[in-house]
There are 2 protein chains.
Amino acid sequence: MMELTRKGEYAIRGIVYLAGKPLDKVCLLSDIAAAVDVPPTFLAKIFQQFSKIGLVRSFRGTGGGFLLGRAPELITLLEVVEAVEGPIIPNRCVCAPQDCDRSAFCNVHPVWKRVQGQVRDVLTGVTLRELADGNNQQ
Amino acid sequence: MMELTRKGEYAIRGIVYLAGKPLDKVCLLSDIAAAVDVPPTFLAKIFQQFSKIGLVRSFRGTGGGFLLGRAPELITLLEVVEAVEGPIIPNRCVCAPQDCDRSAFCNVHPVWKRVQGQVRDVLTGVTLRELADGNNQQ
DNA sequence: CCTAAAAAGACATTATGTATCCTTTTAGGG
DNA sequence: CCCTAAAAGGATACATAATGTCTTTTTAGG
């Protein structure tokens, strides 16, 4: 359980690749996809999501492509993951206790809260800078 | 992401209910299902899985039913969750690095390892005793 | 205009989750 | 030795989500 989907995996690969490039280097989606071995059409959807929330910036037309929306040390892995996978929610009751008519007598709830906190803490503690370093083929 | 399935949720409800009963009290599946508001046929499948690994013991025929395989303070939430959801695997590469031809230059791998460890730690730290207490209608 | 490239939307396929039903096995009781 | 109770096991059905692909539209440069 708790498994990252392909989409999440691909998203990380793609944006980490970008983070390994100079901040002002505009990259073609097709190049990124080839470099990180992800279906280009799928990666396109992922980068559209990134673009909407500003994780990357996009330019259309000739000479267009993508670059990172912020410096890689300012983007956490949590942001990347949640951008495509949605929030970290070990159990429904964590985000919508009101929907769970059992929460009044449910001792499990606080456990899932703790799990959520731990996972978020780990992912918040990692930036794209760290992930790109030592991984940088330029 | 990382969401528990219904199956996992139902599994916890069911076995926590058992944990709230006297250790030698044989409970009918139909009673458990009704008490924790889970489809009986579905809960049956779940308890079959529990039974196979000894988390619960089952008795067939008249007077049959289920009881806990061990004292509730000796069963962790991790065991229960993994019994029905499989192992905690934030990413494939965590369990099968050899399958991931990227692991040689993948800095994300150790992060998922850390996530896995944190989640397992939290779930290992909770026993059915604690979950059943204050939850015990006898 | 013409071409390059991303954005947007529709669609297809497969896998997983969420069950239900039916038959078989096991056990107790008369 | 049946008869009934109850779990075990297997097959099936349905819904939802994951994993892509394809086509059209928008935007921008030359």
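So that the names make sense, note that chain A is the first sequence line, chain B the second, and so on, each numbered from 1. Owing to the predicted nature of the structure, the values given are computational and were not obtained by experimental measurement.
- In this structure, B:R13 contributes its side chain and B:D37 its backbone to a donor-acceptor pair below 3.5 Å.
- Through direct or indirect side-chain contacts shorter than 4.5 Å among Ile, Leu, Val, Met, Phe, Trp and Tyr, B:F59 is connected to B:V26, B:L67.
- The ring-ring contact (aromatic ring centres under 6.0 Å, His included) test applied to B:F66 returns B:F47, not counting sequence neighbours.
- Residue pairs meeting the salt bridge (charged side-chain N to carboxylate O under 4.0 Å, His left out) criterion with at least one member in residues 82-91 of chain B, sequence neighbours excluded: B:E82-B:R120.
- Separating the CG atom of B:D37 from the P atom of C:dA19 is a distance of 11 Å, rounded to the nearest angstrom.
- In terms of the side-chain hydrogen bond (donor to acceptor under 3.5 Å, both in side chains) criterion, B:R114 has no residue partners (sequence neighbours excluded).
- As a whole-Å value, the separation of A:L4 CG from C:dT16 P is 15 Å.
- Atom-to-atom, CG of B:L67 to P of D:dA6 comes out at 15 Å; the value is rounded to the nearest Å.
- For the pair A:E9 CD and D:dA18 C1', the computed distance is 15 Å after rounding to whole Å.
- Side-chain atoms of A:E9 and B:N91 include a donor-acceptor pair closer than 3.5 Å.
- Listed by first and then second residue, the side chain to side chain donor-acceptor pair (under 3.5 Å) pairs involving residues 22-34 of chain A amount to none (not counting sequence neighbours).
- Remark: B:Q49 engages B:K7 in a side-chain hydrogen bond (donor to acceptor under 3.5 Å, both in side chains) (not counting sequence neighbours).
- Taking atom CD on A:E85 and atom P on D:dA18, their separation rounds to 8 Å, with Å as the unit.
- Counting only residues at least two apart or in different chains, salt bridge (charged side-chain N to carboxylate O under 4.0 Å, His left out) contacts with residues 70-80 of chain A comprise A:R70-A:E79, A:E73-A:R129.
- Rounded to whole Å, the distance from CD on B:E3 to P on C:dG17 is 12 Å.
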Polar atom pairs between nucleotides 4-6 of chain C and protein, under 3.5 Å, N or O only, would you list them?
from	atom 1	to	atom 2	distance (Å)
C:dA4	O4'	A:T62	OG1	3.3
C:dA5	O4'	A:G61	O	3.3
C:dA6	OP1	A:L29	N	2.9

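- The distance from atom CD1 of B:I46 to atom P of C:dT20 is 12 Å, rounded to the nearest whole Å.
- Base pairing of C:dA19 is made with D:dT12, judged by Watson-Crick or G-U wobble geometry with both donor-acceptor distances under 3.5 Å.
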Distances under 3.5 Å between nitrogen or oxygen atoms of protein and nucleotides 19-23 of chain D:
from	atom 1	to	atom 2	distance (Å)
D:dT19	OP2	A:R6	N	3.1
D:dG20	OP2	A:Y10	OH	2.9
D:dT21	OP2	A:T41	OG1	3.2

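- If you measure from atom CZ of B:R13 to atom C1' of C:dT18, you get 14 Å, rounded to the nearest angstrom.
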